[in-house]
Undergrad: 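Quick one: structure below, then a few questions.
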Protein chains: 4
Amino acid sequence: MTDSVAGPPGPISDATVARRPGKRARLAAAASRVLHERGVERTTLADIARAADVPVGNVYYYFKTKDELVQAAIDAHAARLGEMIAALDRLRTPQERLKALIGGWVGQRDLAVRYGCPFGTLCSELDKRADGLDRTAAEVMRILIDWAERQFRSMGRADAGELAVQLMATYQGMSLLTNTFRDPEIMTVQGRRLADWIDSLG
Amino acid sequence: MTDSVAGPPGPISDATVARRPGKRARLAAAASRVLHERGVERTTLADIARAADVPVGNVYYYFKTKDELVQAAIDAHAARLGEMIAALDRLRTPQERLKALIGGWVGQRDLAVRYGCPFGTLCSELDKRADGLDRTAAEVMRILIDWAERQFRSMGRADAGELAVQLMATYQGMSLLTNTFRDPEIMTVQGRRLADWIDSLG
Amino acid sequence: MTDSVAGPPGPISDATVARRPGKRARLAAAASRVLHERGVERTTLADIARAADVPVGNVYYYFKTKDELVQAAIDAHAARLGEMIAALDRLRTPQERLKALIGGWVGQRDLAVRYGCPFGTLCSELDKRADGLDRTAAEVMRILIDWAERQFRSMGRADAGELAVQLMATYQGMSLLTNTFRDPEIMTVQGRRLADWIDSLG
Amino acid sequence: MTDSVAGPPGPISDATVARRPGKRARLAAAASRVLHERGVERTTLADIARAADVPVGNVYYYFKTKDELVQAAIDAHAARLGEMIAALDRLRTPQERLKALIGGWVGQRDLAVRYGCPFGTLCSELDKRADGLDRTAAEVMRILIDWAERQFRSMGRADAGELAVQLMATYQGMSLLTNTFRDPEIMTVQGRRLADWIDSLG
DNA sequence: CATGAATGAGGATTCATTCAT
DNA sequence: CATGAATGAATCCTCATTCAT
């Protein structure tokens, strides 16, 4: 999953990397950002190429279709998610970890105001497409829910699965409302309520 | 707001309605449905015309642009929302009303599985567009939040506003997850949790 | 030629005229004006119908095609031209008549600034069309040139025909430049030069 | 001004020109010709593409809108005008230069018969459009008037400006009448009269 | 006669994808 | 490997003209 955002296809030699450092990664990163900002359907390949400072015709050397670029963006999200989880796991208690997660969400409230949750909006749009990208996106979403479930479980909650879904649902919903009403306060207030809720679970 | 889904343009006489019963309304209804199913960007005017069984060229007699059709779909949502609220208001206590609202959401879980919340996905997509449709959609979303706030207030809650946002956010998020994971159980389970939460508020 | 702007088709009874006084004439007048302002190709039947305050569907009772409306506008020009010539003919000398003609042109300079010569722009556009309307327009243009030729002839000029063409050409050209540069002064200055030229011819 | 008819977009290298010799220029030339023949409004992009032997979809690689194609046609006129003026300036006296200009007009009388003055008809049509193309066209028209004014001034005429406008107006008008009456003789006769007039100015 | 409504043939424009060098 | 250029299928929208009542 992280492989596909690492380098060009084929045997990765130092020479290749030296010649074109991270052109593929740049495209994946640009795709991730632009797809969030403009939405999947409104984003053209030219948009992504421009954002990555890669000539349009060259994009197809790295990604054969637009779908593959979307897939790369999903993978980029997965990679970032992995890093985030690794960082959270360094904290002591599950409560701390969950509240740190929530804190991260609230910290990104300005992005939510403008474009909503980077991954939620993606899932929402991908559902309308015939390709199987929505399944891949679901898998990535599942990673975080499973992680949260583990936290709730280690807090001794028998309904850990339901709590994890509730946490993620509330986050997705508050991101959507924050975006709809262009109001960062929604993130702040609901984030605080979520943290209190975590504390109340014992 | 209901006007635009009622009849053809110009003065609406009985004769007119008798001659062409609800072609405009049919288009608005079709727009509402198809936009939900396929998403705003992927829906073509031909799609809507076909769904309403109206020749493509004729659509423009009723709606001058695609945007106006989207607006009509928003208005249709607003109208349905108005009816729903009127029905809910016939119930005795705010708790009953809120739980009836939640029950309605859960009852529509199969739709959520396939396409997500009809209005949330619309808001999410409209945000990416330059036109002002997202503002109109926000107003409609506001209506239900304000209604919920009134219920919480009449339950004596000082934090009624925050509770209303939380309720709506959770609904939006659980719809999104239901859609993403194609799992109606999410609606059932989270709906039950929401109802319990209402009861717990006293 | 004037007949076609007078009344509805079929036997013209007083009753008919009384019922719908000048609806056809109103359409012809509106066509004449709007075609000048917007140009033939950019003018829609709806534009003309609106300007004449006649329902769109009703236009076809009076004019079966857009071409017929253009023809009616040409006829309206011819009618006005006839009246103008009749008025000019009441003046004493050919010099007076020609200079009155020029004075009339200069008096309409604000219209020329905005839209050019009503008839010249029409001739110019009609030439690009496959229909025979350009021939009709040419006939109308010929009327005024012939009239001018008669004036020059009665001034004793053997080259009356050439002078008439020169007069009309200069008028058409100064109208075009006035319109292109949006400068009414061009009409005033060149009008004065034309008048001086008339005087210089003896 | 000549730039836009020179080559494809982006930095113009010899290699580029070698690879695709003048496709953009071909489109501009085709636009210039077809717009004159059919008029701006009646010319479709497909017409121009066909005349340039370029696939329709490819036109947009060179010109983002139809307006840009019109602009390119204007620029092509400006370029030709520049060449013509350069050639005229090689003649000895202003009288010779002006009469050579008139001679050129008369030499193109067959084109005038069929379609009118290439630039005058353009100015006439562009005036009806909301875009700013009419202003650009006016600038090009101004170039020739200013040049003529310089000739009249170097002939010692204090009213050089008025004379220049008169010259251009007469040309525009005689082109229009030539086109309207489909009579090349008008160009010949009025051209001779213009030449005589130049001589009479001393 | 009157008129709101219907119809379908274009026309401009966009864009994912492919190709030639 | 790189890249400007090419391609054609869609899509939104307009409008003259016709129709039903």
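Every value quoted in this text rests on a predicted model; they were computed, and no experiment measured them. Heavy-atom basis, side chains included; hydrogens, waters and symmetry copies ignored. Residue numbering restarts at 1 for every chain, and letters A, B, ... go by the order of the sequence lines.
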Undergrad: Which nucleotide wins on minimum distance to the side chain of Tyr62(A), given the candidates dG4(E), dA2(F), dT7(E)?
TA: dA2(F)
Undergrad: Measure from the side-chain heavy atoms of Lys23(B) and tell me the nearest of dT3(F), dT7(E), dG4(E).
TA: dT7(E)
Undergrad: Hey, which sits more toward the 5' end of DNA chain F by its nearest nucleotide, Pro55(A) or Pro55(D)?
TA: Pro55(A)
Undergrad: Go through DNA chain F and write down every stem, that is, every run of at least three consecutive Watson-Crick or G-U wobble pairs with distances under 3.5 Å, as range with range.
TA: E:2-21 with F:2-21
Undergrad: Using whole Å, what does the distance between atom P of nucleotide dA6(F) and atom CZ of Phe63(D) come to?
TA: 12 Å
Undergrad: side-chain contact (heavy atoms from CB on, under 4.5 Å), that's the test. Do Glu125(B) and Asp134(B) meet it? Break it down for me.
TA: CA-CA 8 Å; Glu125(B) 260 198 283; Asp134(B) 54 342; over 6 Å; no
Undergrad: Could you tell me how far apart Asp53(C) (CG) and dT3(E) (P) are, to the nearest whole angstrom?
TA: 10 Å
Undergrad: Hey, does Leu126(D) have a side-chain heavy atom less than 4.5 Å from the side chain of Val70(D)?
TA: yes
Undergrad: So, are Asp67(A) and Arg129(A) salt-bridged, with charged N and O less than 4.0 Å apart?
TA: yes
Undergrad: Take atom CZ of Arg42(A) and atom C1' of dC12(F), then tell me their distance rounded to the nearest Å.
TA: 13 Å
Undergrad: Can you see if the side chain of Asn58(D) gets near the phosphate of dA5(F) - specifically, an N or O under 4.0 Å from OP1 or OP2?
TA: no
Undergrad: Polar-atom pairs under 3.5 Å, protein N or O versus N or O of nucleotides 17-19 of chain E: list them with distances, or write none.
TA:
residue, atom, partner, partner atom, Å
dT17(E), OP2, Lys66(A), N, 2.8

Undergrad: Checking Arg24(A) against Phe63(A) for the side-chain contact (heavy atoms from CB on, under 4.5 Å) test, could you report, in this order, the C-alpha distance in whole Å, the side-chain angles of both residues, the deciding distance, and whether it holds?
TA: CA-CA 8 Å; Arg24(A) 184 190 168 94; Phe63(A) 302 97; 3.6 Å; yes
Undergrad: To check you understand the geometry: which heavy-atom pair defines the closest contact between Lys128(A) and Arg38(B), and what is its length?
TA: CB-O, 3.5 Å
Undergrad: Which atom names give the shortest non-hydrogen contact between His77(D) and Pro118(D), and what distance separates them?
TA: CE1-CB, 3.5 Å
Undergrad: Looking at Val140(C) and Ile74(C), what are the two nearest heavy atoms and their distance?
TA: CG2-CG2, 3.7 Å
Undergrad: Can you check the Asp47(D) CG to dA12(E) P distance for me, whole Å?
TA: 8 Å
Undergrad: What verdict does the side-chain contact (heavy atoms from CB on, under 4.5 Å) test give for Leu133(B) and Gln71(B), after you've listed the backbone C-alpha separation in whole Å, the side-chain angles of each residue and the deciding distance to 0.1 Å?
TA: CA-CA 7 Å; Leu133(B) 290 172; Gln71(B) 180 64 57; 3.2 Å; yes
Undergrad: Expressed as a whole number of angstroms, how long is the span from Glu41(C):CD to dG11(E):P?
TA: 12 Å
Undergrad: Using side-chain contact (heavy atoms from CB on, under 4.5 Å) as the criterion, point out the one residue from Leu27(B), Val54(B), Val56(B) that pairs with Ile48(B).
TA: Leu27(B)
Undergrad: Under 4.0 Å between a side-chain N or O of Tyr61(B) and OP1 or OP2 of dA5(E)?
TA: yes
Undergrad: Of Thr44(B) and Val54(A), whose closest DNA chain F nucleotide lies nearer the 5' terminus?
TA: Val54(A)
Undergrad: What's the CD1-C1' distance between Ile48(C) and dC15(F), to the nearest Å?
TA: 12 Å
Undergrad: For the pair made of CG in Leu27(B) and C1' in dC12(F), what is the distance, rounded to whole Å?
TA: 16 Å
